[in-house]
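Residues take their numbers from the sequence shown, with the count starting at 1. Side chains included, hydrogens not; waters and symmetry mates left out as well; all remaining heavy atoms used.
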Amino acid sequence: MSHEKLNSLTSEQIKKYLVKLNKEGTLVEKLSRILSSDKITVKLDFVLQVLSFLEEVDLIRSISDELSGLVVTFVSKCITSELEYLMEWFMKAIKLNTFHSHKVLAGLESGLVRCSTLKTIVIDGEVFTGLEGFDHYLNRICSYKWKSDLILPLTETLRGLTLNSEQLDVVIDKTVAAITTISTSDVPALIYQLLLLSSKGKHKRVINGIIQNLHKLEKADLKQLDDTDMTITVLSNNFSQIEGSSLLHVNFAVKHDVELGKAIIANLKASKSFTTFSLALGVALLSHPRFSENILTTLKSKIHKNLKSQVLFKQSRMISTIMNKPEDVTLILDLLINCRTGGWEVITEGVVNLAFALLDVNDGSDVSVADVGVRILEKCYKVHSHYSIGKC
């Protein structure tokens, strides 16, 4: 079919033509000629139909990948006015949640990269430099509410871009906030993407965001258990698996990126209280020789302060009226000990090491840190006896 005839087709006719080519097995070959041609400007409706075709039709992986590659090639070569039109199509699709698949996001990434190389680009009638346009589009993307099943592919797409410090902050903040909105089964995968994103810098921002947003999910999980009149000493099986898998991801990443370990220690030092996940990360670090001494000192100090805060809160009416009740670190430790599988195995050795270290603490005050060590060992023994597996 000639280029002239293709440009005269309606959207529905283009779709039927693409379906016909797919059945004949000549889809990639024909589209490669059309989209890579330097002699003719392909009508934008045709390109958009290719994008829609990628989303709607069940293609084998190899063909889908080749079509995505062809779209990327077109975006990298099209004239500026066509790029402007395509970028607005992507913005509208994200804003209105009209994406059906992540297969077309390679075109978005290519468009953003191309935009950053232009001298000027027109957006909503206003002229921007290419870099300003890139920043404008990135901020728009991150200001929209992301469809749950597109959070992971969008994060992966933005992670592939070259970002300055401020742009990286925007992407990280958007992604960590998505921890509370994505399907819970996808939380560990999102945290994995965040850890990869942290390699660009901002390790503290990533770790703080992960801990903060996982805590929000955890409180909701414990609230649901509390509503069933259960004794809150365990997380639900589902959430325990989520945090356990996330713990594995972070623990593995720390082995390859020292800055992540430093960020975990900094979070524990700066935080007024523990969360289950922050304490688990700290305990897991005890098994890393590079961090064991530093993190052990931090944990002992934080546990001591937590116990003193609890005593003051109970003894002083004035303090109890002006401050929130401090988190009980012993209950959090109970939660950690009760989580035995699904990734939590990485803290087993650290929990025991922490317990023995606490036994040696004797500062002469009326707060017995050593009692917490005894409690941990007793709890470990009971859990071990109950399950008859593992060390603790």
Side-chain angles (χ1 to χ4, degrees), residues 211-244 246-247 264 267-268 271-286 295-296 298-316 319-320 323-348 350-359 361 365-387 390 392:
I211 290 172
Q212 178 184 355
N213 285 281
L214 273 180
H215 188 50
K216 291 178 183 178
L217 289 181
E218 180 189 302
K219 286 195 294 184
D221 183 70
L222 291 176
K223 175 66 167 58
Q224 289 176 348
L225 289 176
D226 191 36
D227 287 344
T228 63
D229 296 325
M230 294 177 65
T231 302
I232 307 305
T233 55
V234 294
L235 298 168
S236 69
N237 288 336
N238 182 46
F239 193 73
S240 176
Q241 291 286 335
I242 290 168
E243 283 204 318
S246 302
L247 185 60
I264 293 169
N267 176 275
L268 286 168
S271 300
K272 294 181 179 179
S273 61
F274 290 110
T275 72
T276 304
F277 197 71
S278 69
L279 185 53
L281 289 177
V283 172
L285 280 187
L286 288 171
I295 192 63
L296 185 58
T298 301
L299 288 175
K300 288 194 295 186
S301 174
K302 295 290 291 187
I303 289 172
H304 189 206
K305 288 181 180 178
N306 178 271
L307 295 175
K308 288 181 69 175
S309 296
Q310 290 183 60
V311 170
L312 288 172
F313 187 85
K314 291 176 182 177
Q315 292 179 344
S316 173
I319 290 178
S320 65
M323 65 178 282
N324 295 325
K325 183 179 180 180
E327 297 281 352
D328 188 341
V329 69
T330 59
L331 294 181
I332 298 176
L333 285 165
D334 282 350
L335 285 173
L336 297 189
I337 296 168
N338 279 321
C339 295
R340 299 188 48 76
T341 59
W344 291 93
E345 300 91 340
V346 297
I347 68 168
T348 299
V351 168
V352 176
N353 290 340
L354 175 62
F356 281 111
L358 294 178
L359 291 177
V361 176
S365 70
D366 58 349
V367 176
S368 179
V369 177
D371 285 349
V372 177
V374 172
R375 176 190 173 97
I376 292 172
L377 292 175
E378 289 177 343
K379 183 73 175 179
C380 284
Y381 177 76
K382 289 178 181 179
V383 172
H384 170 75
S385 299
H386 179 74
Y387 289 98
C392 149

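With rounding to the nearest 0.5 angstrom, the CG atom of Asn338 is 11.0 Å from the CG atom of Leu333. Here the straight-line distance linking atom SG of Cys380 with atom CZ of Arg375 works out to 11.5 Å at 0.5 Å rounding. Taking CD1 from Ile264 and CD1 from Ile211, the interatomic distance works out to 7.0 Å, rounded to the nearest 0.5 Å. How far OG of Ser273 is from NE2 of His215: 6.5 Å, rounded to the nearest 0.5 Å.
Closest of all the heavy-atom pairs between Leu336 and Ala280 is CD2-CB, 3.8 Å. Closest heavy-atom contact between Glu218 and Glu243: OE1-OE2, 3.5 Å. Closest approach of Leu359 to Ala370, counting heavy atoms only: CD2-O, 3.6 Å. Here the shortest heavy-atom pairing between Ile376 and Ala355 reads CG2-CB, 3.6 Å. Lys302 approaches Leu268 most closely through the heavy-atom pair CE-O, 3.0 Å. In terms of heavy atoms, Leu279 sits closest to Leu299 at CD1-CD2, 3.8 Å.
Residues Val351 and Trp344 fail the side-chain proximity criterion, which asks for heavy atoms closer than 4.5 Å. Residues Ile303 and Lys300 are not in side-chain contact: their nearest non-hydrogen atoms beyond the backbone lie 4.5 Å or more apart. Taking 4.5 Å as the limit, every side-chain heavy atom of Leu307 sits out of range of all side-chain heavy atoms of Asp371. In this structure, Leu358 and Leu354 have side chains that are in contact, with non-hydrogen atoms separated by less than 4.5 Å. Looking at heavy atoms from C-beta onward, Leu214 lies out of side-chain contact with Thr275 at the 4.5 angstrom threshold.
Not a single donor-acceptor pair under 3.5 Å links the side chain of Ser278 to the backbone N or O of Phe274. A donor-acceptor pair under 3.5 Å links the side-chain atoms of Asn306 to the main chain of Glu327, judged by distance alone. Thr348 contributes a side-chain N or O that, together with a main-chain N or O of Glu345, makes up a donor-acceptor pair within less than 3.5 Å.
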Residues Lys305, Lys308; criterion side-chain contact (heavy atoms from CB on, under 4.5 Å); working and verdict: CA-CA 5 Å; Lys305 288 181 180 178; Lys308 288 181 69 175; 5.7 Å; no

Derivation of the side-chain contact (heavy atoms from CB on, under 4.5 Å) call for Asn353 and Val283: CA-CA 9 Å; Asn353 290 340; Val283 172; over 6 Å; no

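The only member of Leu296, Ile295, Thr298 that meets side chain to side chain contact (heavy atoms under 4.5 Å, CB included) when paired with Leu285 is Ile295.
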